[in-house]
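What follows is a short report on a single structure.
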There are 2 protein chains.
Amino acid sequence: MVFDDIDKRLLFYLQEDSKQTNKELSNKLNLSVTAVYERIKKLEKSGVIENYVVLVNKEKVEKSFVAFCHIKLIQHSQEFVVKFEKEVTNLNEVLECFHISGDYDYLLKVLVKDMAAFREFMVKKLTTINHIGSTHSMFVINEVKHTTAINI
Amino acid sequence: MVFDDIDKRLLFYLQEDSKQTNKELSNKLNLSVTAVYERIKKLEKSGVIENYVVLVNKEKVEKSFVAFCHIKLIQHSQEFVVKFEKEVTNLNEVLECFHISGDYDYLLKVLVKDMAAFREFMVKKLTTINHIGSTHSMFVINEVKHTTAINI
DNA sequence: ACTGAAATGTCAAGGCC
DNA sequence: GGCCTTGACATTTCAGT
């Protein structure tokens, strides 16, 4: 699918605030409401717009502790990898999991209440997954920037 | 603010799909439309619901390359830190930036088109920021899990 | 928290560059 | 092909209970 400048601006606005009405967007883009509507539908159908979601303030729901965990597997056979990835995906404390280059195999972003909850998570959940060799955790002291908006 | 089970379920649904109508939500929660409406307003006012956004498919907009960059500063005076954090925040390739514990000071999540674009980003943007000591980059081979939904 | 009603928004149809 | 106007229908929002 091909974007023009209007599509890019539209995506910019929607990534900032998806609750704007088509009327508000039509004013910003100097278009009719229907034109905006049709462009959005096209972006949804083509899969560019993947989803509409609410972002929740993690402090307000008592999930203030963010950690990144490096993980190395013992072995890298297809079977082990698939199983590990599936089990990690099922952990709701794990918001993100990436297979990465470098000394470790995976990088996980973990969100829990506090350090005690993190310890609990490591001992009772993460390290009970088989085939994990070593782990190395880094704790977030401060979140400097965090956006879901892609610059298009 | 105190949540009951209904609020938690409501947040679960909204974190999955914020485009559901209050009517659909009222069915799932066995409430009236207005009750749902009022609960959502309360969650917005209290700041639990931070924002409504569109999530864009990064492959579809030619941003398929994700890297994590560790950064160490030369010095850690207030002045240097503030300036570094401000400049990093202004880089649109940087989606996330965390001040972290461990060998490095910061961890950045960078999103660009490809390896060539990443090189460009490092040479022309990131390393032109003053006071950066050393960097260490890790490349994402595969995204195993990525969600914005917090388990409440 | 519910009902009911006004205000507002979404979306389809048809016509015009 | 993309844009506009119109109008029907759905949803949001708010007052009263």
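None of the values given here were measured: they were computed from a predicted structure.
- Looking at residues two or more places apart in sequence or on another chain, you find a side chain to side chain donor-acceptor pair (under 3.5 Å) between B/Glu93 and B/Lys125.
- Counting to the nearest Å, the P atom of D/dT12 and the CG atom of B/Leu14 are 11 Å from each other.
- Nearest nucleotide to the A/Lys41 side chain, out of C/dC2, D/dC4, C/dC11: C/dC11.
- Within residues 15-25 of chain B, the residues having any heavy atom closer than 4.0 Å to DNA chain D are, in order of number, B/Thr21, B/Asn22, B/Lys23.
- In this structure, the CG atom of A/Leu10 is 14 Å from the P atom of D/dG2, given to the nearest Å.
- Protein atom CD1 of A/Ile40 is 11 Å distant from nucleotide atom C1' of C/dT10, rounded to whole Å.
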When you compare the protein's N or O atoms with those of nucleotides 14-17 of chain C, which come within less than 3.5 Å of each other, and at what distance?
none

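- When hydrophobic side chains of Ile, Leu, Val, Met, Phe, Trp and Tyr are connected at separations under 4.5 Å, A/Leu126 ends up clustered with A/Phe65, A/Ile71, A/Leu73, A/Val81, A/Phe84, A/Val88, A/Leu91, A/Val94, A/Tyr106, A/Leu108, A/Val110, A/Val112, A/Met115, A/Phe118, A/Phe121, A/Met122, A/Ile129, A/Ile132, A/Phe139, B/Val144.
- Straight-line distance from the CZ atom of B/Arg39 to the P atom of D/dT13: 17 Å, rounded to whole Å.
- In this structure, B/Glu38 does not pair ionically with B/Lys41, as no charged nitrogen and carboxylate oxygen lie closer than 4.0 Å.
- When the side-chain contact (heavy atoms from CB on, under 4.5 Å) test is applied to A/Lys42, the partners found at least two apart in sequence or on another chain are A/Met1.
- Grouping Ile, Leu, Val, Met, Phe, Trp and Tyr by side-chain contacts under 4.5 Å, direct or through others, leaves A/Val123 on its own.
- Side chain of B/Val33, nearest nucleotide from D/dG2, D/dT13, C/dT3: D/dT13.
- With sequence neighbours excluded, the residues that form a side chain to side chain donor-acceptor pair (under 3.5 Å) with A/Asp7 are A/Arg39.
- Each end of the helix from C/dA1-D/dT17 to C/dC17-D/dG1 gets its own axis, taken as the rotation carrying the C1' atoms of four end pairs onto the next four within a five-pair window, and the two axes meet at 30° to the nearest 10 degrees.
- When the side chain to side chain donor-acceptor pair (under 3.5 Å) test is applied to A/Glu143, the partners found at least two apart in sequence or on another chain are A/Lys58, A/His146.
- In this structure, the nucleotide among D/dC3, C/dA12, D/dT13 sitting nearest to the side chain of A/Tyr37 is C/dA12.
- The list of ring-ring contact (aromatic ring centres under 6.0 Å, His included) pairs with a residue in residues 5-48 of chain A, not counting sequence neighbours, is empty.
- In this structure, A/Asn30 atom CG and D/dG2 atom C1' are separated by 16 Å, rounded to whole Å.
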Just list the side-chain donor-acceptor pairs under 3.5 Å for residues 26-35 of chain B, sequence neighbours left out, or say none.
{"unit_1": "B/Ser26", "atom_1": "OG", "unit_2": "B/Asn22", "atom_2": "O", "d": "3.4"}
{"unit_1": "B/Ser26", "atom_1": "OG", "unit_2": "B/Lys23", "atom_2": "O", "d": "2.6"}
{"unit_1": "B/Lys28", "atom_1": "NZ", "unit_2": "B/Gln20", "atom_2": "OE1", "d": "2.5"}
{"unit_1": "B/Ser32", "atom_1": "OG", "unit_2": "B/Ala35", "atom_2": "N", "d": "3.2"}

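- When the side chain to side chain donor-acceptor pair (under 3.5 Å) test is applied to B/Glu62, no partner is found at least two apart in sequence or on another chain.
- Note: A/Phe68 and B/Phe68 have perpendicular aromatic rings, judged against thresholds of 30 and 60 degrees for the angle between ring planes.
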